[in-house]
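Below you'll find the structure, written out as structure tokens, and then a few comments.
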Amino acid sequence: MPLGTDTIVGVVGAGAMGAGIAQVAATRGHSVVLADQSRSAIDHARDGHAKALARDVEKGRLTREQADGALARLRYVAGIGAAQSSEFSACGIIIEAIVERLGSKQELFAALERLVSPDAVLAPNTSSLAVVAIGGGCKHPGRVIGIHFFNPAPVMPLVEIVPALTTDPEVVESVRTLIDTWGKTAVVAADTPGFIVNRIARPFYGESLRILEEGIADCATIDWAMRELAGFKMGPFELMDFIGNDVNYAVTCSIFEAMFHDPRYRPALTQRRLVEAGRLGRKTQRGYYDYHDGAARPEPHTDRAVGQVICDRVLAMLINEAVDALYLRVASAKDIELSMTKGVNYPKGLLVWGDEIGAATVLARLDALQAEYGDDRYRPSLLLRKLVRESRRILA
């Protein structure tokens with residue numbers, strides 16, 4: 001079905017992600033139903049919307065009239081069940097933003113299917129779970145499609161659209177058009193573990209943790225190298241602390257298991273121990289760094305030779321992952337590049353970066369690492385080998 005500005009948008013889950021998605025839809029002219037089982041979550045989302053839209057007015061991003069209009073279009077519903085059927089029945093699309101557990105999402109969509117119209121689109125906002133598995137229990141799985149926003153949804157420009165094996169093609173086009181009208185950068189990803197961003201980005205964390213565990217450099221030095229020499233906005237350890245080590249570790253474990261324990265995606269014991277200790281990062285004031293008032297930040301060792309070794313190793317793994325995603329048709333080259341620059345703010349697309357460094361150089365680094373460690377995590381993509389053998393660029 002077409003999804004225009006007259007489409008009523010439902011959002012289930014009033015946490016930070018769900019509230020953010022609801023705000024995006026409301027500011028783009030949609031009537032929005034935001035539902036959650038928790039009354040306190042609903043109240044928190046309502047207060048958050050008022051503050052966020054007031055801030056947009058102060059910053060000149062919206063007029064007072066536009067902000068008031070968006071607030072008027074938001075309806076808040078406590079509960080998800082038969083009592084709320086009238087609220088959901090008019091929705092043309094419902095986006096789910098609840099806990100990242102397959103069973104919980106399957107139960108929700110089975111319940112929603114009894115409340116919505118037969119042609120309403122049902123969209124899980126999952127970051128790593130299989131969309132086909134989420135929709136597998138639905139009577140009409142053709143209308144189920146993944147729509148993965150990045151947090152915070154009002155700010156981050158990228159949205160991954162993930163059709164399942166069972167998704168109707170017209171649903172893909174309708175959703176992409178809708179996301180375009182919301183001013184977002186839409187990319188289409190195959191329904192594979194981690195989709196584009198969370199799959200390709202794993203070595204940024206995993207290889208940095210490996211370097212730390214080997215004692216090559218400490219957290220501050222690795223972060224310094226990736227910021228100052230490679231140009232990333234945040235180093236891997238400060239970024240993991242920002243995301244939350246529990247969240248980052250859970251995504252890594254999910255992808256590792258879904259990829260049949262491929263060593264490329266193996267979780268790190270160091271991160272597991274931090275999670276077990278409750279050192280989750282900024283939200284607990286302790287992670288790889290101490291965020292308590294008065295805590296001293298460790299100084300990096302700014303040896304450029306060591307820093308370059310760190311950058312070369314992490315970048316080789318990242319580029320290899322991007323090339324392999326292209327080879328395995330996870331996404332187009334254009335969407336891979338957009339995903340990494342718009343979704344996680346990389347300084348440049350990894351495929352372009354690979355061409356700048358040279359495919360032969362990247363391959364040589366990976367071959368050397370695999371020979372040294374005897375670990376399949378460093379195996380080069382078959383496409384990378386073919387490109388070097390045929391003297392071709394990654395982006396031909």
- Message: Run the salt bridge (Lys or Arg N to Asp or Glu O under 4.0 Å) test on Arg64 and Asp68 for me, step by step, so that the C-alpha distance in whole Å, both residues' side-chain angles and the decisive distance to 0.1 Å come before the verdict.
- Response: CA-CA 6 Å; Arg64 183 70 260 176; Asp68 288 343; 3.0 Å; yes
- Task: Apply the test side chain to side chain donor-acceptor pair (under 3.5 Å) to residues Asp218 and Thr221: give CA-CA distance (whole Å), side-chain angles for both, the deciding distance (0.1 Å), then the verdict.
- Result: CA-CA 5 Å; Asp218 60 14; Thr221 300; 2.7 Å; yes
- For the pair Asp375 and Arg210, evaluate salt bridge (Lys or Arg N to Asp or Glu O under 4.0 Å) and give the outcome as yes or no after the intermediate values. CA-CA 12 Å; Asp375 192 337; Arg210 184 70 176 262; 3.4 Å; yes
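- Taking hydrophobic clusters as Ile, Leu, Val, Met, Phe, Trp and Tyr residues chained together by side-chain heavy-atom distances below 4.5 Å, Val132 does not share a cluster with Val188.
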- Query: Could you walk me through whether Val172 and Thr167 pass the side chain to side chain contact (heavy atoms under 4.5 Å, CB included) check?
  - Reply: CA-CA 8 Å; Val172 182; Thr167 304; 4.1 Å; yes
- Can Asp246 and Lys283 be said to form a salt bridge (Lys or Arg N to Asp or Glu O under 4.0 Å), step by step? CA-CA 11 Å; Asp246 52 338; Lys283 59 188 173 184; 2.9 Å; yes
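- Aromatic ring centres of Tyr289 and Phe237: separated by at least 6.0 Å.
- Phe204 and Tyr346 have tilted rings, their planes meeting at an angle from 30° to 60° on a 0 to 90° scale.
- Relative orientation of the His148 and Phe150 rings is tilted, given thresholds of 30° and 60° on the angle between their planes.
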- Message: Determine whether Glu276 and Arg273 satisfy the following criterion, salt bridge (Lys or Arg N to Asp or Glu O under 4.0 Å), listing intermediate values before the conclusion.
- Response: CA-CA 5 Å; Glu276 291 169 338; Arg273 291 291 181 257; 2.7 Å; yes
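- Proximity of the aromatic rings of Phe256 and Tyr265 is defined here by a centroid distance below 6.0 angstrom, and this criterion is not met.
- A cation-pi arrangement, defined by a distance under 6.0 Å to the six-membered ring centre and an angle within 45 degrees of its axis, is present between Arg46 and Tyr76.
- In terms of heavy-atom proximity, Ala217 sits nearest to Ile310 at CB-CD1, 3.7 Å.
- In this structure, the ring of Phe232 has its center less than 6.0 angstrom from the ring center of Trp353.
- The structure places CD of Glu107 at 11.5 Å from CD1 of Ile80, a figure rounded to the nearest 0.5 Å.
- Ionic pairing of Arg379 and Asp376 is present here: one or more N-O contacts between side-chain nitrogen and carboxylate oxygen are shorter than 4.0 angstrom.
- Nearest heavy atoms, Arg202 versus Val251: NH1-CG1, 3.6 Å.
- Checked by atom type and distance alone, the side chain of Arg377 never pairs as donor or acceptor with a backbone atom of Arg266 at under 3.5 Å.
- Ionic pairing of Glu238 and Arg227 is present here: one or more N-O contacts between side-chain nitrogen and carboxylate oxygen are shorter than 4.0 angstrom.
- Residues His30 and Trp182 place their aromatic rings such that the two centres sit under 6.0 Å apart.
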